[in-house]
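One structure is given below, encoded as structure tokens.
Chain identifiers are assigned alphabetically (A, B, ...) following the order of the sequence lines, protein sequences preceding nucleic acid strands; residue numbering begins at 1 within each chain.
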Number of protein chains: 2
Amino acid sequence: MKVFKIPEATVMRLSVYSRYLYQLGREGVETVSSGDIAKGVGVSSAQVRKDLAYFGEFGTRGVGYKVEELYNHIIKILGLDQQWNVMIVGAGKLGSALALYQGFAERGFNITTVLDVDENIIGTKLGNIEVEPLEVLETRVKERNITIGVVAVPASAAQDVTDQLIKAGVKAILNFSPRVLKVPREVVLRNVDLSVNLEVLSFNLVFNS
Amino acid sequence: MKVFKIPEATVMRLSVYSRYLYQLGREGVETVSSGDIAKGVGVSSAQVRKDLAYFGEFGTRGVGYKVEELYNHIIKILGLDQQWNVMIVGAGKLGSALALYQGFAERGFNITTVLDVDENIIGTKLGNIEVEPLEVLETRVKERNITIGVVAVPASAAQDVTDQLIKAGVKAILNFSPRVLKVPREVVLRNVDLSVNLEVLSFNLVFNS
DNA sequence: AGCATTTTGTGAAAAAAATATCTATTATTT
DNA sequence: AAATAATAGATATTTTTTTCACAAAATGCT
């Protein structure tokens, strides 16, 4: 069990750093300073060092960090050195888009299963994944060793689907529905509310003027 | 110009409160306490009151808040009492899903235009919006009075599209590409990185076990 | 070799955010 | 009408997060 608590903001920044490092690596850059990273991703250099300090010492004073080495460290920290099997529930607009989104596979997220209740959608293909009926949820979670469930159903069905996912043994839930979900403490939950994002923009447009 | 700085977390929570209040309103509930809201959305009651206190006094001691009244206040605060015209650039999987997503229109976001560079996509219809070529960006922003631009293009094109949007007069950018964008200070920018969310889950799965 | 330069890692300080506590109002009950 | 209960709003406290600033290490230059 964890000893230190890592700020969520730190984890999110690590993800961003890793992407920047990947880019640098492809450009052939071998060494990078906290200041360079800071500039590249828009934070302070102290912030970069503080974030990394939670996990160890990865740099050399006076020199900086080896791009590839630091990248590998962060990938390991984020748990991206392993494959995660993912199930998406809901193959509407959003669910389909997520299923087809290439960015996930690149980071080790293996979308193995997509479910829906709509007869017209079941049986259709998203890339090479066939949409299956909700009934197979538990079977698939178990036989495909799925740890992460993505909830992309309407708000009204969200809690029910979540309960089913948890009962089937999923360990983490990414919720795209605009509904506050109840999950047991040991299940990791994250909410992505697309409207909220636009609304924060709207607020700032009104408030800053 | 703003005098107090409002925490972004507060703004996001207001958005969540508003949705909960809307739900309560439909259920016929007339009055609600900060404790009720807190329970409904999973925060503390003090947090609810604190968030609201940034903007005024909306309740009655010993009684609570009138649901409809508070809802209207929050909608006003968030700037959702007006229509915002939105352009989506990039009609790939994600851009299309966003264009078709009903949740935006419900909150006053009017997606008027969708652009892409791909010949095969231009001319196709998303709902009742026809995808147009990138060339019309500036014209459309001006003639349709577009304030919000959504960047849903690959990372490599993101900054270029952003620059064009800003040059055309857009005031806020919602960025779905995994790229750190540079924008002038007066332009409101928000990043939504779908992979980051899965990666935070992954981190927690590894770290909490 | 010594000195200047760079840059990390870190403890301390500051700022921001969340939580807890207290006070004032309103409504209700006795 | 007084006492009690509920609850917002304000204030104080605590916790968390960020920023600052500097000693320690590594490199390179003279």
Side-chain angles (χ1 to χ4, degrees), chain A residues 2-17 20-21 24 29-71 73-74 77 180 200 203-204 207, chain B residues 2-17 20-21 24 29-74 77 200 203-204 207:
Chain A
K2 69 189 168 199
V3 182
F4 299 102
K5 222 204 73 226
I6 311 294
E8 184 166 290
T10 290
V11 179
M12 295 179 71
R13 283 191 297 264
L14 285 177
S15 168
V16 176
Y17 302 161
Y20 185 65
L21 289 167
L24 288 181
V29 179
E30 295 195 346
T31 305
V32 70
S33 73
S34 58
D36 296 337
I37 299 174
K39 220 163 160 220
V41 307
V43 301
S44 74
S45 67
Q47 183 80 82
V48 172
R49 295 197 299 277
K50 222 3 156 350
D51 286 337
L52 294 173
Y54 283 106
F55 302 98
E57 303 187 5
F58 305 115
T60 310
R61 297 178 184 208
V63 182
Y65 306 87
K66 286 192 183 166
V67 172
E68 195 187 327
E69 198 177 301
L70 183 58
Y71 174 78
H73 273 301
I74 296 181
I77 291 166
V180 179
V200 173
F203 171 82
N204 281 299
F207 195 68
Chain B
K2 68 188 168 201
V3 182
F4 301 101
K5 219 203 75 229
I6 311 293
E8 185 166 289
T10 289
V11 180
M12 294 177 71
R13 282 190 298 265
L14 285 176
S15 169
V16 176
Y17 302 160
Y20 185 65
L21 290 166
L24 288 180
V29 179
E30 295 196 345
T31 305
V32 70
S33 73
S34 57
D36 297 337
I37 299 174
K39 220 165 160 217
V41 308
V43 301
S44 74
S45 66
Q47 182 80 81
V48 173
R49 295 197 298 277
K50 199 76 180 285
D51 286 336
L52 294 173
Y54 283 106
F55 303 97
E57 305 186 4
F58 306 114
T60 312
R61 298 179 183 202
V63 183
Y65 305 89
K66 287 192 184 168
V67 171
E68 194 187 329
E69 198 177 301
L70 183 57
Y71 174 78
N72 289 332
H73 273 301
I74 296 181
I77 291 167
V200 174
F203 171 82
N204 282 299
F207 195 69

[X] [atom1] to [Y] [atom2] distance, which is reported to the nearest 0.5 Å:
X: B/E57; Y: B/Y65; atom1: CD; atom2: OH; value: 9.5 Å
X: B/S34; Y: B/L70; atom1: OG; atom2: CG; value: 10.5 Å
X: A/K50; Y: A/T10; atom1: NZ; atom2: OG1; value: 10.0 Å

Separation of [N] [atom2] from [X] [atom1] (nearest whole Å):
X: B/M12; N: C/dA17; atom1: CE; atom2: P; answer: 13 Å
X: B/F58; N: C/dT26; atom1: CZ; atom2: P; answer: 17 Å
X: B/Y54; N: C/dA16; atom1: OH; atom2: P; answer: 10 Å
X: B/E8; N: D/dT18; atom1: CD; atom2: C1'; answer: 16 Å
X: A/K50; N: C/dA12; atom1: NZ; atom2: P; answer: 11 Å
X: B/D51; N: C/dA17; atom1: CG; atom2: P; answer: 11 Å
X: B/R49; N: C/dA18; atom1: CZ; atom2: P; answer: 15 Å
X: B/E57; N: C/dA24; atom1: CD; atom2: P; answer: 14 Å

Check your understanding: So how far off straight is the helix from C/dA1-D/dT30 to C/dT30-D/dA1, going by the axes through five pairs at either end, to 10°?
Key -> 10°
**Study point:** Nucleic acid contacts - residues 61-71 of chain A versus DNA chain C, non-hydrogen atoms under 4.0 Å
**Key:** A/R61, A/G62, A/V63, A/G64, A/Y65
Check your understanding: Toward the 5' end of DNA chain D, which comes first, B/G59 or A/T60, by nearest nucleotide?
Key -> B/G59
Check your understanding: Is B/A46 touching bases, backbone alone, or none of the nucleic acid, heavy atoms closer than 4.0 Å?
Key -> base
Review point. Within the pair B/S34 and D/dT7, is there a side-chain N or O less than 4.0 Å away from OP1 or OP2?
Key: no
Point to revise | Residue B/Q47, side-chain heavy atoms: nucleotide from C/dT8, D/dT18, C/dT19 that is nearest | key: C/dT19
